[in-house]
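These notes concern the structure reproduced below.
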Amino acid sequence: MTITEIKIRKTFPEGNLKAIVSITLDNCLAIHEIKVIQGNCRLFAAMPSRKDETGIYHDIIHPIDPKTRDEMDNTIISFYERYVEVEKIMNAEEDND
């Protein structure tokens, strides 16, 4: 399984929620509403979830094994960090114009 596309849908400059992301796997399966969250120690990707009637959140979709979770998390976070860097450069260039 390979992430063949990542789209940053929305970013949030304030708070722990940093971005909403969509990914495509093997050019045939899309997963929307992945959240990039700033945790206590690091950024991580939170899979789409739904709150049940007791207020507890449950993932709707998620990797089964730790290796796949780590690969997805690392790929999404790396893409997000590159996206933020490019945005900073573009904003700095606009400010200089």
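Heads up: numbering here begins at 1 and tracks the sequence.
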(message) Just verifying a value: how many Å separate K7 NZ and Y83 OH, rounded to the nearest 0.5 Å?
(response) 12.5 Å
(message) Any heavy-atom pair between the side chains of H32 and R9 that's under 4.5 Å?
(response) yes
(request) Indicate, with yes or no, if V84 and F12 share a hydrophobic cluster defined by side-chain heavy-atom contacts under 4.5 Å among Ile, Leu, Val, Met, Phe, Trp and Tyr. (result) no
(request) Check whether any side-chain heavy atom of M47 sits under 4.5 Å from a side-chain heavy atom of P63, and report yes or no. (result) yes
(request) Could you check if a side-chain atom of I23 sits within less than 4.5 angstrom of a side-chain atom of M72, using non-hydrogen atoms only? (result) yes
(message) Go through it in stages, so that I can follow the logic: the residues are K35 and I20, the test is side-chain contact (heavy atoms from CB on, under 4.5 Å), and I'd like the CA-CA distance, side-chain angles, deciding distance and then a yes or no.
(response) CA-CA 5 Å; K35 296 175 180 78; I20 304 292; 3.7 Å; yes
(message) Is there a side-chain contact between Y80 and V21 in this structure, where contact means two heavy atoms from C-beta onward sitting under 4.5 Å apart?
(response) no
(message) Using every non-hydrogen atom in the two residues, find where Y57 and S49 come nearest and quote the distance to one decimal.
(response) CD2-OG, 3.6 Å
(request) For T4 and N27, indicate whether the former's side chain and the latter's backbone hold a donor-acceptor pair under 3.5 Å. (result) yes
(message) Starting from I56, can I reach I60 by hopping between I/L/V/M/F/W/Y residues whose side chains sit under 4.5 Å apart?
(response) no
(message) Assigning hydrophobic clusters by single linkage (Ile, Leu, Val, Met, Phe, Trp, Tyr; side-chain heavy-atom cutoff under 4.5 Å), is I8 placed with I76?
(response) yes
(message) Using side-chain heavy atoms (C-beta onward) and a distance below 4.5 Å, is S22 in contact with I6?
(response) no
(request) Compare all side-chain heavy atoms of P48 with those of D59 and state whether any distance is below 4.5 angstrom. (result) no
(message) Donor-acceptor pair, distance only, cut-off 3.5 Å: does the side chain of T11 make one with the backbone of A19?
(response) no
(request) Please round to the nearest 0.5 Å and tell me the distance separating atom CD1 of I3 and atom CG of D26. (result) 10.0 Å
(request) Following the transitive rule for hydrophobic clusters with a side-chain heavy-atom cut-off under 4.5 Å over Ile, Leu, Val, Met, Phe, Trp and Tyr, establish whether I61 and L25 coincide in one cluster. (result) yes
(request) State the CZ-CD1 distance between F44 and I34, to the nearest 0.5 angstrom. (result) 13.0 Å
(request) Please round to the nearest 0.5 Å and tell me the distance separating atom CG of L43 and atom OG of S78. (result) 10.0 Å
(request) Report yes if some heavy atom in the side chain of H58 is under 4.5 Å from a heavy atom in the side chain of R50; otherwise report no. (result) no
(request) For residues 73-89, pull every pair meeting salt bridge (charged side-chain N to carboxylate O under 4.0 Å, His left out), keeping only residues two or more places apart or in separate chains. (result) R42-D73, E85-K88
(message) Using the rule that Ile, Leu, Val, Met, Phe, Trp and Tyr join whenever any side-chain heavy atoms are under 4.5 Å apart, tell me whether M1 and I77 fall into a single cluster.
(response) yes
(request) Could you grab the distance from atom NE2 of H62 to atom CD1 of I64, nearest 0.5 Å is fine? (result) 5.0 Å
